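What follows is a single structure, written as structure tokens, with notes after it.
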Amino acid sequence: MGIPMDAAALLGLFLETLLYGVFFTLYWFTLFILLKKTGIQRQLLLPVATLLLCIATAHLIIDFIRALEAFVFKVDTAGASDYYSNFASPLFVASTALCVTQTILADAIVVWRCYVLNDRKMLVAIPCCIILLASVGTGYYGVGSLSRARLLSNVPLADYGCIATFDALTMGLSVTSTSLNAWRIYRTRCFMPEGFAAFLPVFVVVIESGALYSTSILMLLLTFFIGSNGQYTMLDIVTPIVGITFCLIILQVHFGVGRNLLAEKPTEARGNHEPLSRARCTGELEHGNNECAHCRGTGDRSI
């Protein structure tokens, strides 16, 4: 038995509120860290984090207003399920547009980070930007199409395909960019003798910057394809998850998650100083520096 529309919306509001609280907490930790930074880390990352929080806040407020109208103010004139099934509602259009904007902004961040970590190669940037532009077009076209459909039963098949394309492009871009980032970081660690410990930063990056976001998009895509109303629950929680993922990336780089083990593990002979210097190399790469001080001093350009 499928989940009713009103139950899906109420569940989405509950989960969104919980995840927004997590995002809000992580944002303040991130804010304190970025205020101590200089250069691009403060000039770019701080406004982006604030914009993500503003979009998530606006999305949550709109969902609360919709819940009040569905279950309190308009409960006598229209049922909650009928209210949530009206896609022409300005509040629904605004909520969906904010979700699409948050998703596109997250994709742009992923593309930028992949571009920086891969030595600002145009071979990496151009395909990712093409996918991003296609995602922008299909996303906003889907929002407009849903607003004209008015009822769920009136949504044309072409519009369903547009929505599915947007979700697929978003997930594909996230998985591809995260894989490229992980491979780039792995190349700076592959020569280390620490064994599995050398792979730890790769898994940290994959889990924190890719798996959470990609999994949420995958669940959204699956619920859409099976025709479950759970897709509207996923639409609500994707917005704060984007912000959580962004903040986790910054916190992971700042606190050196995954590099402490390498820095503390002693090595013999020539391995005595190399792991620490290589850890600094990877750290600077994650912060956006193409060539670190260690590599400039030794002439090692292999990373």
Side-chain angles (χ1 to χ4, degrees), residues 2-28 30 48-49 51-68 70-71 80-81 83-85 87 89 91-110 135 139 142-143 146 152 163-164 166-175 178 207-249 251:
I3 181 173
M5 183 73 80
D6 54 346
L10 200 58
L11 176 61
L13 179 60
F14 174 74
L15 295 177
E16 181 184 9
T17 304
L18 292 180
L19 291 174
Y20 178 83
V22 175
F23 176 30
F24 189 78
T25 303
L26 292 178
Y27 169 80
W28 284 106
T30 304
V48 169
L51 180 59
L52 290 175
L53 180 66
C54 291
I55 294 176
T57 303
H59 189 274
L60 182 62
I61 292 174
I62 290 175
D63 282 351
F64 264 114
I65 295 175
R66 295 183 69 208
L68 288 174
F71 295 102
S81 293
Y83 175 84
Y84 281 112
S85 298
F87 292 162
S89 169
L91 289 176
F92 174 80
V93 175
S95 177
T96 308
L98 287 174
C99 182
V100 170
T101 302
Q102 187 90 318
T103 303
I104 291 173
L105 185 58
D107 291 342
I109 295 169
V110 168
S135 180
V143 173
L146 286 177
L152 180 63
I163 298 171
F166 171 75
D167 293 338
L169 287 174
T170 298
M171 187 181 69
L173 185 60
S174 176
V175 171
T178 301
I207 292 173
E208 292 188 354
S209 66
L212 179 62
Y213 177 63
S214 298
T215 301
S216 63
I217 296 298
L218 177 61
M219 293 301 297
L220 174 61
L221 195 60
L222 290 176
T223 52
F224 174 81
F225 276 127
I226 65 176
S228 171
N229 288 331
Q231 62 184 292
Y232 303 106
T233 301
M234 294 305 304
L235 275 175
D236 288 339
I237 68 176
V238 162
T239 305
I241 284 178
V242 170
I244 291 173
T245 304
F246 180 78
C247 291
L248 283 177
I249 293 173
L251 294 174

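Please read these numbers as outputs of a predicted model, since none were measured by experiment.
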I3 CD1 to Q231 CD distance, which is reported to the nearest 0.5 Å: 11.5 Å
Value rounded to 0.5 Å, distance of CG in D167 from CZ in F225: 8.0 Å
Shortest non-hydrogen separation from P240 to L19 and the atoms involved: CG-CB, 3.7 Å
Validation row: T233, L15 side chains within 4.5 angstrom (heavy atoms): yes
Partner residues of D107 under the side-chain contact (heavy atoms from CB on, under 4.5 Å) criterion, sequence neighbours left out: T103, L132, S135, T170, L173, Y213
Y83 side, atom OH; M5 side, atom CE - distance, nearest 0.5 Å: 12.5 Å
Partners passing side-chain contact (heavy atoms from CB on, under 4.5 Å) against L68 (at least two apart in sequence or in another chain): V72, F73
Test side-chain contact (heavy atoms from CB on, under 4.5 Å) applied to V93 - qualifying residues, sequence neighbours left out: V143, S147
Minimum heavy-atom distance between D236 and A9, given as atom pair plus value: OD2-O, 4.0 Å
Distance, nearest 0.5 Å, that separates CG of L91 from CD1 of I65: 6.0 Å
Flag, side chain of T101 to backbone of A97, donor-acceptor distance under 3.5 Å: yes
Which atom of A67 lies closest to which atom of L13, heavy atoms considered: CB-CD2, 3.7 Å
Sequence-distant partners of Y84, side chain to side chain donor-acceptor pair (under 3.5 Å), two or more places apart: none
Test side-chain contact (heavy atoms from CB on, under 4.5 Å) applied to V242 and I55, step by step: CA-CA 10 Å; V242 170; I55 294 176; over 6 Å; no
CG-CG distance between L105 and L98, expressed to the nearest 0.5 angstrom: 12.0 Å
Side-chain heavy atoms of D63 within contact of S95, under 4.5 Å: yes
Which atom of V175 lies closest to which atom of S214, heavy atoms considered: CG2-OG, 3.9 Å
side-chain hydrogen bond (donor to acceptor under 3.5 Å, both in side chains): pairs with one or both residues in residues 4-22, sequence neighbours excluded: D6-S81, E16-H59, Y20-T57
Trace of the side-chain contact (heavy atoms from CB on, under 4.5 Å) decision for L52 with F23: CA-CA 10 Å; L52 290 175; F23 176 30; 4.0 Å; yes
For F92, all residues meeting ring-ring contact (aromatic ring centres under 6.0 Å, His included), sequence neighbours excluded: F87
Closest non-hydrogen atom pair, T239 against A56: CG2-CA, 3.7 Å
Side-chain heavy-atom pair F64, L60 within 4.5 angstrom cut-off: yes
From CD1 (I163) to CG (L221), nearest 0.5 Å: 11.5 Å
Intermediate values then yes/no, side-chain contact (heavy atoms from CB on, under 4.5 Å), I104 and F166: CA-CA 10 Å; I104 291 173; F166 171 75; 4.2 Å; yes
